[in-house]
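First the structure, in the form of structure tokens, and then the observations on it.
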Amino acid sequence: MTTDWRIRRIGPEDAAALFPTDVFDGPATPEGCARFLGPPGAARPDTILLVAEAAGRIVGFASGTVLDHPDKPPGLFVQEVGVNPDAQRRGIGRALILALRAEGRRLGCATSWVLTEPDNSPARALYAGSGGVETVGLVMVEWDEAGG
């Protein structure tokens, strides 16, 4: 694989570039892309999907959502970052995080944040290497809305 790569933002009109790609946990679907990106001609302003491309192939991505609230400035929730194993250790993940944070700042975000598992050492190293500071003492709570 070449070491030449570029990062670009994917909008609704670019969603076809995601079929097929193997950077996500599972295959992207047209319905999922339309929900996340918005329909063609009506991009969602609160979602960001960046991809890294090398040799005409998507080798990584970073996604985020701008969260807003009446008493706080907007913040960027980093949803997920992924780089194909054969493209790792080349600075792509770090460049994706930095570009995603820059997009968040462009959209008025005062902070960016991400969650990861305590034993996910590669992710923790990536986030620390891009200027992130781990927060301690937080508890994540989730509900299974699909399961009732």
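Keep in mind that this is a model prediction, so the values were computed, not measured. These numbers come from the heavy atoms of this one structure, side chains and all, not from hydrogens, waters or symmetry mates.
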Name each donor-acceptor pair under 3.5 Å that joins a side chain in residues 59-81 to protein atoms two or more places apart or in another chain, with its distance.
| from | atom 1 | to | atom 2 | distance (Å) |
| --- | --- | --- | --- | --- |
| T65 | OG1 | Q79 | OE1 | 3.1 |
| H69 | ND1 | D71 | OD1 | 2.6 |

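- Residues I48 and V51 fall into different hydrophobic clusters, defined by Ile, Leu, Val, Met, Phe, Trp and Tyr side chains chained together at heavy-atom separations under 4.5 Å.
- Taking OG1 from T47 and CG from L107, the interatomic distance works out to 9.5 Å, rounded to the nearest 0.5 Å.
- Side-chain heavy atoms closer than 4.5 Å link hydrophobic residues (I, L, V, M, F, W, Y) into clusters, and following such links, even through other members, never connects V114 to M140.
- The structure places CD1 of I58 at 11.5 Å from CG of L50, a figure rounded to the nearest 0.5 Å.
- Closest of all the heavy-atom pairs between L126 and R94 is CD1-N, 3.3 Å.
- One distance of note links CG of L49 with CG of L100; it measures 9.5 Å at 0.5 Å rounding.
- Minimum interatomic distance between S112 and R101 (heavy atoms only, all atoms of both residues): OG-CG, 3.9 Å.
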Cut-off 3.5 Å, no hydrogens considered: what does the side-chain donor-acceptor table look like for residues 11-36, sequence neighbours left out?
| from | atom 1 | to | atom 2 | distance (Å) |
| --- | --- | --- | --- | --- |
| E13 | OE2 | G41 | N | 2.5 |
| D14 | OD2 | G11 | N | 3.1 |
| D22 | OD1 | N84 | ND2 | 3.0 |
| T29 | OG1 | G32 | N | 2.9 |

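- When hydrophobic clusters are built by joining Ile, Leu, Val, Met, Phe, Trp and Tyr residues whose side-chain heavy atoms come closer than 4.5 Å, directly or via intermediates, V83 is not grouped with L98.
- Environment of CZ in R106: crowded, with over 12 heavy atoms of neighbouring residues, nucleotides or ligands closer than 6.0 Å.
- Here the shortest heavy-atom pairing between A123 and T116 reads CB-OG1, 3.7 Å.
- The nearest pair of heavy atoms linking W5 to G91 is CH2-O, 3.9 Å.
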